[in-house]
Protein chains: 2
Amino acid sequence: MNDALDKAVRVFCARGYHATSIGDLTEAMQLAQGSVYKAFKDKRAVFLAAFDRNKAVRAEKLQDAIGAGGTGRERLRKVLAFYAEASHGAEGRQGCLVVGSAAELAIFDDEVAQRVAASLDRNEALLSGLIQQGQADGSIPADLDSAATARLMLCLLQGMRVVGKTGRSRDEMAAVVEVAMKALA
Amino acid sequence: MNDALDKAVRVFCARGYHATSIGDLTEAMQLAQGSVYKAFKDKRAVFLAAFDRNKAVRAEKLQDAIGAGGTGRERLRKVLAFYAEASHGAEGRQGCLVVGSAAELAIFDDEVAQRVAASLDRNEALLSGLIQQGQADGSIPADLDSAATARLMLCLLQGMRVVGKTGRSRDEMAAVVEVAMKALA
DNA sequence: ATTTATAGGAAACGATCATTTCCGAATCAA
DNA sequence: TTGATTCGGAAATGATCGTTTCCTATAAAT
């Protein structure tokens, strides 16, 4: 089931919610049309499940990328690099489900809006935590506004995914990470 | 006609392309359904016209906000503040047509993808020009990588519009601008 | 071997939407 | 005043889509 949901995630990322038909989903998930409606109440339920699956998968990959060791500064850089890696080439063109949902559904669907906000809040808290870790271990200045800096980084990460839809190179995105680290001065 | 297009812009921003029906457009534009098809070939033509109209309006407002005087650093701050102002409250929730188009249409419609890329490139060039102006007038260090910094600012601006869809306050976004200025060190 | 539950797949339904067509009213010219 | 033209607006059309239903085949269970 998770395999099928991963396929659904890719379709929803690339096409958005409204432009994805049930046929698109069954084709990608390799399921019969009847099977989709046996497993899910409706298209929206498939989307919500795909959203949650995407959130879990991305969160795990991000945690792997951050790793356990290193200073707060080093780990924060790894977060930026993780997003830079996802914001170029084919994966960048595919787009981000959170960004797409924010643009397409946040106004109409309160439940989707809540999940989008929760995803962003979670990311912001993660960034804020890493900054505070860096301030504790001395790799980031103690007088820095951790909340505002975390919010800046959150905006930057989401923006990279937007700009990445127009097809940038890995080097272009990696260079952004280097400059962004200057905000930790 | 421009008035009607401005209304269309708002609808497309809020609802996205696929979720806006012709009825939504006629209601917002206060036009008869027949009149829409007398003025435009089809829904996509309305969208492209609205996109161009939005681009022109936003570019003019941005130029007004930047002003003619001041250092490159001061003018760059005004660009960031302009986007912060658009990324909170009701306008922030309404969203950005470029971001929405990038997420929803950039993969399917080459013409839309080109316009999105052109809008981002134009913004990136504007940012790069202001940075170079700042390097010429001494308000921004000369050894700074203007291209990478401009790209960072572009990502940040687009990301602010994404995050702004979840309803942030003016102060939250204004604080991001202050931190972002540190990237010019 | 027979029955029962399960899943795939096709067909049908109802709704919605983009688009076209048609009709009436209003405007303008003669 | 009359006739032509234009424009708003409503109805009709054809297609698509989400959803439901029904049928068949396969596999599990007794």
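All of these numbers come straight from a predicted model, not from anything done at the bench. Residue numbering restarts at 1 for every chain, and letters A, B, ... go by the order of the sequence lines.
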Please list, for nucleotides 17-19 of chain D, all pairs of protein and nucleotide N/O atoms separated by less than 3.5 Å.
unit_1  : atom_1 : unit_2   : atom_2 : d
dG18(D) : OP1    : Thr20(A) : O      : 3.2
dG18(D) : OP1    : Lys43(A) : NZ     : 2.8
dG18(D) : OP2    : Ile22(A) : N      : 2.8
dT19(D) : OP2    : Tyr37(A) : OH     : 2.7
dT19(D) : OP2    : Lys43(A) : N      : 2.9
dT19(D) : O5'    : Tyr37(A) : OH     : 3.3
dT19(D) : O4     : Gln33(A) : NE2    : 3.4

For this session: Measure from CD on Gln30(B) to C1' on dG8(D) and round the result to the nearest Å.
Result: 14 Å
Problem set entry | Under 4.5 Å side-chain linkage, directly or through intermediates, the cluster mates of Val57(A) | none
Seminar exercise, completed: side-chain contact (heavy atoms from CB on, under 4.5 Å) filter on Arg170(A), not counting sequence neighbours, yields Glu85(A), His88(A)
Exercise. Applying salt bridge (Lys or Arg N to Asp or Glu O under 4.0 Å), which residue pairs with at least one partner in residues 137-164 of chain A are found, sequence neighbours left out?
Worked result: Glu124(A)-Arg151(A)
Problem set entry | Whole-Å gap separating C1' (dT19(C)) and CZ (Phe47(B)) | 19 Å
For this session: Write down the distance between NZ (Lys38(B)) and P (dC22(C)), rounded to a whole number of angstrom.
Result: 12 Å
Exercise. Salt bridge check: are Asp24(A) and Arg10(A) linked by an N-O gap of less than 4.0 Å?
Worked result: no
Problem set entry | Nucleotide dA18(C), atom C1' - distance to CZ of Arg15(B) in whole Å | 15 Å
For this session: For residues 55-70 of chain A, pull every pair meeting salt bridge (Lys or Arg N to Asp or Glu O under 4.0 Å), keeping only residues two or more places apart or in separate chains.
Result: Arg58(A)-Glu91(A)
Exercise. Tracing side-chain links under 4.5 Å among I, L, V, M, F, W and Y, which residues wind up in one group with Val162(B)?
Worked result: Val99(A), Val162(A), Val99(B)
